[in-house]
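As a basis for the values below, the full set of heavy atoms in this structure was taken, side chains included, without hydrogen atoms, waters or symmetry mates. Just so it is clear, the model here is predicted, and its values are computed rather than measured. In what follows, chains are A, B, ... by sequence order, proteins preceding strands, each numbered from 1.
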Number of protein chains: 2
Amino acid sequence: MATLADVARHAGVAASTVSYVLSGKRSVSEATRRRVQRSIELLNYHPHAGARALASSRANVLALIVPLRGDLYVPVMMQIAIGVVTTARQFGYDVLLLTNDEGSDGIRRVASSSRADAIILTDIGMEDGRIDAVRKAGIDAVLIGVPADPAGLDCVDLDFAEAGRLCVEHLTRLGHRTVAFIGEAEGIYRRHVGFAERTLRGIRAAAAARGVDLVHRPCEGSYEAAAGVLARILEERPHTTALIVQNEAIIPPLMSLLRMAGRTVPEHVSIVALCPDQLAEQTSPRLTSVNMPAQELGTRAVDLLMRRMNDGDSGEVVLIPPGLTVRGSTAQAPGTEEQPVSAL
Amino acid sequence: MATLADVARHAGVAASTVSYVLSGKRSVSEATRRRVQRSIELLNYHPHAGARALASSRANVLALIVPLRGDLYVPVMMQIAIGVVTTARQFGYDVLLLTNDEGSDGIRRVASSSRADAIILTDIGMEDGRIDAVRKAGIDAVLIGVPADPAGLDCVDLDFAEAGRLCVEHLTRLGHRTVAFIGEAEGIYRRHVGFAERTLRGIRAAAAARGVDLVHRPCEGSYEAAAGVLARILEERPHTTALIVQNEAIIPPLMSLLRMAGRTVPEHVSIVALCPDQLAEQTSPRLTSVNMPAQELGTRAVDLLMRRMNDGDSGEVVLIPPGLTVRGSTAQAPGTEEQPVSAL
DNA sequence: AAGGCCAATCGAAGCGCTTCGAGACCGGGC
DNA sequence: GCCCGGTCTCGAAGCGCTTCGATTGGCCTT
């Protein structure tokens with residue numbers, strides 16, 4: 001394996017000159033640059049990452065911490081990871097994958113061994129212990145998700161409160177007055193995971209503002225859970241004409257259950273989902289939904305991190321504005337009439 | 001940040017002694033060892049990963065290459081990743097995440113810059129160009145998946161041929177004679193992805209051996225695709241009494257479509273799925289299925305890699321034996337009688 | 001013609017760790 | 001009393017790179 005010294009010898013220059021050709025940190029004459037470049041190619045030279053990290057004290061590596069649980073919003077996490085990796089590569093960074101079972105220890109380990117220059121955290125709780133670890137470790141970080149107190153932290157997330165509001169708004173325009181919000185699993189709320197809480201608040205606030213009769217029901221990802229929750233809703237609140245669904249896993253079961261209960265979508269019941277567009281396109285009828293731009297979250301997180309590391313910016317909370325796409329799962333509420341546009 | 005030299009000074013020993021305490025490569029007296037340990041803790045010392053990599057020429061990092069497409073068997077990939085990361089950590093390794101858009105370049109880059117000591121490849125094609133890149137780069141690797149010619153390579157995979165056979169066997173025992181295999185998307189077969197081809201072969205061979213009338217239909221992940229494929233099967237082969245389904249994404253649509261077509265599962269049509277158990281548990285009725293042990297694949301891949309790196313073993317193909325779990329989606333074929341056990 | 005400035009290049013000093021050869025010390029065998 | 005073999009420790013030499021003066025010419029000023 002060729003080293004920088006080999007290249008320097010071959011090109012007849014000093015090692016430092018090769019280094020400057022590579023980094024561009026000092027000017028090098030066109031002639032020399034070309035000669036060095038040729039030697040690099042001829043010798044098939046690749047700088048040694050470890051040596052570089054040691055000499056420059058920058059590893060050119062980001063750490064991405066993902067939740068361990070293989071059950072929760074998996075496709076979303078995968079998309080985030082893909083966004084992070086591809087964007088990081090554009091900045092010359094590689095990505096280290098950590099799971100949450102190492103918890104704050106992982107953060108400390110990676111930071112204090114200089115394995116990574118910065119960290120991206122996901123699955124942020126309202127009061128997240130890892131934030132403290134990040135502060136103490138003195139390593140740059142970006143959160144995908146927003147904790148209760150984001151002061152001084154860089155965060156990226158979908159504006160879930162606004163997403164919730166959009167759902168309610170869409171439904172009220174269609175004349176729905178009795179709505180059920182089928183949310184994430186109980187445990188998510190107990191852990192105070194930010195996005196779930198914010199969605200709920202957004203929906204509640206919007207419902208209150210518009211006089212919508214709203215009920216919130218957490219729901220696990222299984223068929224049985226969906227069946228139980230739906231049965232209870234239909235029994236206790238038979239006038240329910242619309243559902244907002246956040247737990248993407250139960251959307252297919254929910255739709256067959258409704259069909260079996262003799263309630264067709266969207267004639268009897270409208271459904272708005274909070275899920276990736278791809279999923280919304282896969283059902284029949286297609287789902288009116290607020291998109292979950294997972295890959296963009298990853299991309300934006302890296303952008304933010306780069307700005308933070310290079311320009312010293314920090315403390316920015318980026319909320320991506322959600323968009324509601326009307327598809328086939330929502331319709332005018334039964335027994336109501338279309339409102340004239342001017343009345344909106 | 002404390003360095004090894006700081007620790008040595010604090011403990012009153014030579015730097016090399018500290019190093020030996022850390023690595024255990026030479027014996028150190030109990031007294032010294034303790035003194036050094038105390039200093040390490042007091043100074044909160046963590047070895048610098050880059051310096052270590054440079055001096056020892058081992059990075060203690062594995063690279064995991066995942067497909068970029070966010071659509072294909074995503075939960076499976078995520079599980080594999082989790083298995084890889086947690087197992088790698090047990091061996092003191094971190095995991096670098098690469099996407100396939102870098103392709104063979106990524107392999108070369110990581111290998112020749114010594115960023116990683118070994119590579120785990122996923123989504124293996126029968127003739128996979130990256131295998132050549134791995135050979136040329138001279139880096140240890142393990143494939144999750146098996147190419148056409150695995151000579152000299154370490155591979156881990158589910159025994160898909162056997163999995164296919166199990167499905168057919170289960171169905172024939174229940175008296176089914178006309179079976180449709182709804183497979184992965186067309187493109188997968190065109191790319192000759194190993195697992196899809198092997199499953200198909202296993203099913204075909206088993207069907208031929210038992211005189212089962214089999215048809216294979218590739219199918220995309222969308223509702224429409226599922227509807228089209230199912231309609232065609234029911235039209236062309238109305239006697240079909242059983243389905244084997246590999247593309248997990250279309251299982252929910254398939255089940256509602258059957259219901260809408262007035263064919264109940266399992267009374268009129270039996271379904272066997274090739275999918276993670278978790279998914280098989282989420283439908284109603286629950287699916288008789290062959291499990292996809294994704295996390296185990298990741299774990300085994302790392303085990304294999306460690307054995308390869310430490311003991312110099314190589315050329316092993318580990319096929320995990322599949323298991324079929326009978327749940328509610330399969331039943332005796334209509335118009336047939338239960339076979340006495342002795343006739344099996 | 002001397003002085004000054006800039007661009008281009010060099011050499012040396014690390015970065016923090018591992019590893020190897022060698023020294024110091026101790027007890028046992030002759 | 002001396003040599004031998006172990007055990008424990010030390011010092012020095014790198015690993016391959018970056019970075020910071022310092023040096024060298026060439027060209028423009030004055």
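No hydrogens or angles were tested; on distance alone, a donor-acceptor pair under 3.5 Å links the side chain of Arg26(A) to the base of dT9(C). Counting distance only, with no hydrogens placed and no angle test, the side-chain atoms of Arg52(A) and the base atoms of dG16(C) include no donor-acceptor pair under 3.5 Å. Applying the 3.5 Å distance criterion, the base of dC20(C) shares a donor-acceptor pair with the side chain of Tyr20(B).
Closest to the side chain of Thr32(A), out of dT19(D), dG16(D), dA8(C), is dA8(C). The side chain of Val28(A) sits closest to dT9(C) out of dC17(D), dC8(D), dT9(C). Checked against dT18(C), dT19(D), dG14(C), the side chain of Ala55(B) finds its nearest nucleotide in dT18(C).
Distances shorter than 4.0 Å separate none of the side-chain N or O atoms of Lys25(A) from OP1 or OP2 on dT18(D).
Panel note: side chain Asp159(A), backbone Pro321(A); no donor-acceptor pair is recorded below 3.5 Å. Looking only at distances, no side-chain donor or acceptor of Asp132(B) sits under 3.5 Å from a matching main-chain atom of Gly129(B).
The minimum heavy-atom distance between Arg308(B) and Ser314(B), with the atom names listed, is NH1-CB, 3.4 Å. Nearest heavy atom pair, residue Asp6(A) against residue Ala2(A), reads OD2-CA, 3.4 Å.
The NE2 atom of His48(A) sits 12 Å away from the C1' atom of dC17(C) (whole-angstrom rounding). Rounding to whole angstrom units, CZ of residue Arg58(A) and P of dG16(C) are separated by 16 Å. Here dC10(D) presents its C1' atom at 13 Å from CZ of Arg35(B), a figure rounded to the nearest Å. Between Arg33(A) atom CZ and dA7(C) atom P the separation is 14 Å, expressed in whole Å. Taking atom CG of Leu22(A) as the reference point, atom P of dG16(D) lies 16 Å away to the nearest angstrom. A straight line from CZ of Arg115(B) to C1' of dC17(D) spans 14 Å, rounded to a whole angstrom. Rounding to whole angstrom units, CE of residue Met1(A) and P of dC17(D) are separated by 11 Å. One can place CG of Leu54(B) at 12 Å from P of dT19(C), the figure rounded to the nearest angstrom.
Between Leu62(B) and Phe91(B) there is no side-chain heavy-atom pair separated by less than 4.5 Å. Looking at Ile144(A) and Arg300(A), their side chains never come closer than 4.5 Å, going by heavy atoms from C-beta outward.
We find that Asp123(B) and Arg130(B) are not joined by a salt bridge, their nearest charged nitrogen and carboxylate oxygen being 4.0 Å or further apart.
Heavy atoms of Ser27(B) sit under 4.0 angstrom from at least one base atom. Heavy atoms of Ser57(A) sit nowhere under 4.0 angstrom from any nucleic acid atom. Counting any heavy atom pair closer than 4.0 Å across all strands shown, Ser19(B) reaches a base atom.
Of the residues Ile124(A), Val146(A), Ile320(A), the one that meets the side chain to side chain contact (heavy atoms under 4.5 Å, CB included) test with Asp157(A) is Val146(A).
In the region residues 5-17 of chain B, proximity to DNA chain D at under 4.0 angstrom, judged on heavy atoms, holds for Gly12(B), Val13(B), Ala14(B), Ser16(B), Thr17(B).
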